[in-house]
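Okay, structure first, notes after.
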Amino acid sequence: MRDIRDVIVVGAGLAGLQAALALQEAGLDVLVLEAADRVGGRVRSLDGPTGVEEAGAVNIGDGYTRLLGHVRAAGLDREPVTVSLREHTIVVDGHTSTAPAWAASEGNPLTGPERAVPPALIVAGALARANPLTGPRDWMSPEAARWDVPMPDHLRSLGVSDAAVALADRAGTFETLEATSALAMLRAAQRASRHAPQTSNVVGGNSRLPESMAARLREPVRPNSPVAAIRERGDLVEAELADGERIAAGHVVLAVPFTSLRRLAIEVALPGPVARLVAELPYPALTKYHLIADRPFWREDGLPPVTWTNGPIQRLLPWRLCDNGPSALAVWVTGRDARALDALGEREQRRVVLDELARVRPAAAGAVEITRIVSWGRDPWAGGAWAMPRPGQMAALAAAATADTGRVQLAGEHLSVEDSGMEGALESGDRAAARVLARLGRTPAGS
Ligand SMILES: Cc1cc2nc3c(=O)[nH]c(=O)nc-3n(C[C@H](O)[C@H](O)[C@H](O)COP(=O)(O)OP(=O)(O)OC[C@H]3O[C@@H](n4cnc5c(N)ncnc54)[C@H](O)[C@@H]3O)c2cc1C
């Protein structure tokens, strides 16, 4: 066994890096172990044919104070993200319309005032209209448990019809609406409402952010170092890597998604509800097909490039559009449709996606190629896009987010209290670091 660190951080995503920096600033000796060959986790910028493309996190909210602090400290610039659902094409059962024309579309199965709501906005619209959560911590109060029910039940209680629920179920941030807690969705809507609708990303790619954080660590992150087991040994915790190497430390911060954590041999006593959540918290599948279009096919059919369909490719979103050169777009597929595509070989996936795209947007036929397939569901270290609690899991999640788990602390976007996505990951990293420091009788630097 090598020398003993003060703290080992497992996972060099934003949560792990944030915890490591806070612990280092407080004077501790920190080693970050990362399974992949890069830092950043679900922040992953790719070199595409028209420039950088984001395979993972895209939007930086204007209220992401921790993240924006890192952007400023690293001297990075931001540019606005311009994709909006205000104008989009809707293709339902072969009938094509646009958001303003949707109410009159023959493909619209809804009746009454619901006909005017585009499928992509049914859930968001209903939640925004009647969100009982007004503060960032309201979701944790015992009274909030009444909304920890299947999403369709909550939508129906708001007067949303079964036909609208079925349409909305096709594509979203969830695996299925039935398997999703309404309280989790209300919490997401409350968090989103605190940020201006205008978002941005880092010029040169969001990956520059975790890279700049990793560069500030005294001891470099160790890539290609998947941790396979964590054991408490008296006053120490030992991390065992997949190749058998063992490294000891006084404390460990496990900043990995629960999908990965549940595959580790953890010989550490976690509180019962937390251990159950580690085993059971769902992560929806999400597969992205990065595309290049050699001509602006949306000018030929005169329809907005953003497309929502109730077919298997769900959503087409532009990334970088150009009228007189190649453009970058991506098909985003979540939930059951993503798992069905993930189960196919790569060649078959390409055929299905391009055939379906040609059916949904005939003008795109022959104009588009798939440049990259990124499956977050099949990514061994992510195991899905993000945590999306099932009905009945929110009280355990509140307990896990606030639990002091001793020498082994947990972090990650799934354990954020007030914010979500990248900012939530940073928030959870700060909390895990503060708990380690409190156990050592120290306070975080700058507090
Ligand atoms: C497609 C997509 C779009 C998104 N869009 C947005 C957005 O627009 N805005 C936003 O704010 N958020 C967005 N998110 C969410 C955001 O990316 C995450 O919330 C955040 O990056 C999670 O950070 P994390 O540190 O908690 O986890 P991760 O980034 O997953 O980091 C965990 C790290 O642990 C490593 N690891 C796992 N297992 C082990 C092991 N056994 N040993 C060692 N290392 C291990 C992983 O390789 C990874 O590097 C998006 C996510 C996806 C997938």
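Whatever order the structure lists them in is the order used to number ligands and atoms, beginning at 1.
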Any Lys/Arg nitrogen of Glu240 or Arg231 sitting under 4.0 Å from an Asp/Glu carboxylate oxygen of the other? yes
For a side chain to side chain donor-acceptor pair (under 3.5 Å) with Thr334, tell me which candidate from Arg339, Arg170, Gln314 qualifies. Gln314
Counting each atom of ligand 1 from 1 as listed, which ones have a heavy atom of Val58 under 4.0 Å away? 5 (N), 6 (C), 7 (C), 8 (O)
At what distance is the nearest protein heavy atom to atom 43 (C) of ligand 1, and which residue and atom is it? Ala35 N, 3.3 Å
Within a distance under 4.0 Å of any heavy atom of Leu264, pick out the atoms of ligand 1 and give their elements. 41 (N)
Is it true that a side-chain atom of Trp386 and a backbone atom of Pro284 form a donor plus acceptor pair closer than 3.5 Å? no
Only heavy atoms of Asn59, strictly under 4.0 Å: list the atoms of ligand 1 that pass. 7 (C), 8 (O), 9 (N), 10 (C), 11 (O)
Filtering Gly41, Ala242, Ala255 for the heavy atom nearest atom 32 (C) of ligand 1 leaves Ala255
Hey, does Val333 have a side-chain heavy atom less than 4.5 Å from the side chain of Arg315? no
Are Tyr289 and Gln349 linked by a side-chain donor-acceptor pair shorter than 3.5 Å? yes
Hey, which atoms in ligand 1 end up nearer than 4.0 Å to a heavy atom of Ala15? 25 (O), 26 (O)
Of the protein's non-hydrogen atoms, which lies at the shortest distance from atom 36 (N) of ligand 1, and what is that distance? Val256 CG1, 3.6 Å
Identity and separation of the nearest protein heavy atom to atom 49 (O) of ligand 1: Glu34 OE1, 2.6 Å
Could you list the atoms of ligand 1 found under 4.0 angstrom from a heavy atom of Gly412? 26 (O)
Would you tell me which option among Pro223, Gly56, Ala425 has the nearest heavy-atom contact to atom 20 (C) of ligand 1? Ala425
Any nitrogen or oxygen of Trp332 lying under 3.5 Å from a nitrogen or oxygen in ligand 1? Just yes or no. no
Is Arg390 paired with Glu280 through a side-chain N to carboxylate O contact shorter than 4.0 Å? no
For atom 13 (C) of ligand 1, what's the nearest protein heavy-atom neighbour? Residue, atom name and distance, please. Ala57 CB, 3.4 Å
Heavy-atom contacts with Gly13 under 4.0 Å: which atoms of ligand 1 show up? List them by number with element. 25 (O), 29 (O), 31 (O), 33 (C), 49 (O)
